[in-house]
Amino acid sequence: MTTNTYDLPDEKGHFGNYGGRFVPETLMHAVLELEKEYNRALADEEFHADLQKLMKDYVGRETPLYLAGNLTEHAGGAKIYLKREDLNHTGAHKINNTVGQALLAVRMGKRKIVAETGAGQHGVATATVCALLNLECVIFMGKEDIRRQQLNVFRMELLGAKVISVDAGSGTLKDAVNEALRYWVTNVRDTHYILGSVMGPHPFPKMVRDFQSVIGKETKQQFFEKEGKLPDALVACIGGGSNSIGLFYPFIEDNSVSIYGVEAAGLGLATDKHAASLSKGKPGVLHGAMMYLLQDEDGQIQEAHSISAGLDYPGIGPEHSYLHDINRITYESVTDDEALEAFQLLSKLEGIIPALESAHAIAYAVKLAAGMSKDERIVVCLSGRGDKDVQTIKDRIGGGME
Amino acid sequence: MMDRIQKALTEKGKKAFVPYIMAGDGGLETLKEKLLFLQECGADAVEIGIPFSDPVADGPTIQEAGIRALSRGTTLRKVLEKVQTFKPEISIPLILMTYLNPLVAYGLEKFSEDAAESGISGCIIPDLPLEEEDFILPALEEHEISLISLVTLTTPVERIKEIGSKATGFIYAVTVTGITGARNDFSEDLAAFLSSIKSVSRVPVLAGFGVSNAEQVREVCKHCDGVIVGSKIIDLFEQGDLAEIKRLVSTSEGVSLT
Ligand SMILES: Cc1ncc(COP(=O)(O)O)c(C=O)c1O
């Protein structure tokens with residue numbers, strides 16, 4: 001297929017049949033205002049300058065593009081490069097988006113922020129910019145995620161955010177989004193919702209993609225400086241889909257580049273404990289957008305499962321849903337066990353402890369590289385670092401001196 | 001020309017009272033007796049909630065009712081089939097309140113056809129704003145099912161006008177900036193809000209979200225054509241207090257149409 005004139009979403013926020021603005025009327029005014037303000041900001045040099053300055057001096061961009069020599073040797077095929085989003089301030093790509101949205105909130109005169117979080121990385125990135133810009137911050141987090149990401153809960157509190165536990169449903173990301181949306185509906189007049197991924201009503205999927213695209217733009221430039229051409233393949237993990245679309249988007253029209261999104265297969269696609277919305281889901285409407293969703297035949301949303309809190313979501317953003325249907329991106333999946341193995345592999349071979357989310361991308365990249373030739377090259381988005389997951393891993397595999 | 005809902009809400013010459021119940025709460029076999037009871041109490045129409053796993057516009061009462069209904073295996077298909085069996089005994093309009101995804105999963109065409117077959121007169125879809133209406137409107141119109149529009153305290157004047165000029169059935173004026181659930185008091189702007197909608201609407205304006213006692217019913221009815229009461233009705237059914245439901249439903253009778 002060709003994507004030489006890729007220009008989505010359309011004015012109403014649709015990517016083909018996906019996306020849109022399926023939110024309660026109470027939120028429509030805020031959603032339309034946000035779109036207007038975002039468009040104004042895009043045309044405002046001062047906004048770009050402010051954003052750029054924070055990205056450089058505060059977030060620490062640009063992040064390195066690192067040739068993982070030992071991992072490459074281990075896989076025995078294509079060269080594997082890692083885009084080091086784990087080296088951002090707060091330890092993941094999430095901050096690329098929260099800095100941009102917080103600046104927008106300030107422009108709109110909204111000094112209160114609400115956000116959801118799964119792994120806690122988006123919550124920490126939100127709490128961080130709120131501390132910096134002196135904004136009030138409320139974070140909703142599922143009870144189960146609070147249990148597996150204790151350290152991040154404490155980090156958010158240190159940063160001055162109020163973390164509210166969500167008991168409903170499976171106590172994971174989907175439930176946290178529900179509560180954050182209810183909170184936003186009730187406090188919309190003075191509160192901006194910093195959504196953490198490329199989901200939700202228009203303009204969120206576009207806006208979050210744009211803020212995250214810095215990953216792919218830098219990668220393109222850095223790769224060209226090192227190799228003088230385009231990479232052969234890109235790999236990234238997918239929760240809602242923001243680090244992946246951030247890497248992929250600047251390459252969408254480069255048809256020589258194969259693109260792979262990696263969903264969480266949990267205990268395996270043959271079980272009902274996974275988060276593979278594209279492989280196992282159907283299009284439907286949740287959290288403001290039409291997208292692929294894990295659901296039963298009556299349209300009730302099913303609970304996702306992944307060892308990694310950040311991938312534990314039963315949907316995948318509308319743009320991914322579209323890029324899947326037109327076959328521009330190939331979507332694969334990796335199980336909990338494979339991710340655990342990759343987590344340890346990267347730690348031992350490269351001295352880089354990846355986030356469990358990113359370990360899914362590593363696991364797939366190793367398989368992919370093995371089947372490619374030595375003169376081909378893959379870029380993997382290492383979306384975050386694994387400090388937050390060390391306790392989970394220890395509980396799973398043991399070790400340490402008790 | 002007046003549609004079926006409009007007619008039912010205005011023909012008695014009094015303010016309308018529309019209760020909300022969650023289908024399948026207490027078991028789907030109780031749906032018929034609840035509807036017949038509400039009809040006998042003088043309800044002018046009934047909203048039937050379809051349970052959904054992720055009801056983002058609802059507060060705790062309706063969320064919990066939905067969880068109870070889902071745990072009993074309630075589905076949209078079963079609700080439509082059930083209503084079909086006692087359709088001749090119901091003379092007031094039935095309006096489904098459902099999030100969009102159960103309709104998408106059912107198939108929009110098929111849903112509209114089956115709903116019409118079961119005698120459903122209207123649909124309220126809280127996650128379907130004006131911008132996305134075209135998604136389902138043609139299917140509903142073909143089967144003469146009204147799509148009820150919501151207007152909220154955050155809806156700007158121009159938008160209220162646009163919604164008012166297209167509305168069918170009635171306009172659902174959301175009386176709080178927030179989710180469903182009982183409230184103690186309302187915004188001071190409520191009267192102005194409701195009259196601003198009334199001034200541009202070609203259909204009756206009913207207020208809902210948070211209305212939970214007779215006093216509030218009377219107060220709200222002063223400024224519009226009737227009320228919708230949800231969480232409170234669910235609580236009362238849950239407590240088995242039918243007498244109080246009867247009292248509440250009849251409150252609006254004392255307030256005549258202005
Ligand atoms: C390190 C890391 N990678 C990936 C994700 C998944 O989100 P997304 O698909 O939006 O990049 C998360 C989410 O919490 C994360 O923390």
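All values reported here derive from a predicted model rather than from experimental measurement. Below, read A as the first sequence line, B as the second, and so on, with proteins coming before strands; counting in each chain starts at 1.
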Item to check | chain A-proximal positions within residues 147-158 of chain B [heavy-atom distance under 4.5 Å] | outcome: B/Leu150, B/Val151, B/Thr152, B/Leu153, B/Thr154, B/Thr155, B/Pro156
Item to check | Per-residue contact mode, A/Glu297 against chain B (heavy atom under 4.5 angstrom) | outcome: backbone
Checklist outcome for this item: So, the part of B/Ile125 with a heavy atom under 4.5 Å from chain A: the answer is neither
Checklist entry - So, do B/Phe52 and A/Ile301 sit near enough that their side-chain heavy atoms are less than 4.5 Å apart? => result yes
Item to check | Heavy-atom proximity to chain B below 4.5 Å, by part of A/Pro201 | outcome: neither
Checklist entry - When you measure from the side chain of A/Asn178 to the backbone N and O of B/Val56, does any donor-acceptor pair fall under 3.5 Å? => result no
Checklist entry - By a 4.5 Å heavy-atom criterion (distance strictly below it), what part of B/Tyr99 contacts chain A: side chain, backbone, both, or neither? => result neither
Item to check | A/Arg182 side chain to B/Pro55 backbone, donor-acceptor under 3.5 Å | outcome: yes
Checklist outcome for this item: On a heavy-atom basis, the closest approach of A/Arg21 and B/Pro129 is O-CG, 3.0 Å
Item to check | Largest heavy-atom contact set with chain B, pairs under 4.5 Å, which of A/Arg189, A/Met290, A/His287, A/Gln295 | outcome: A/Arg189
Item to check | B/Asp127 side chain vs A/Phe22 backbone, donor-acceptor pair below 3.5 Å | outcome: no
Checklist outcome for this item: Ordered numerically, the heavy-atom neighbours of chain A under 4.5 Å found in residues 160-181 of chain B are B/Ile163, B/Thr177, B/Gly178, B/Ile179
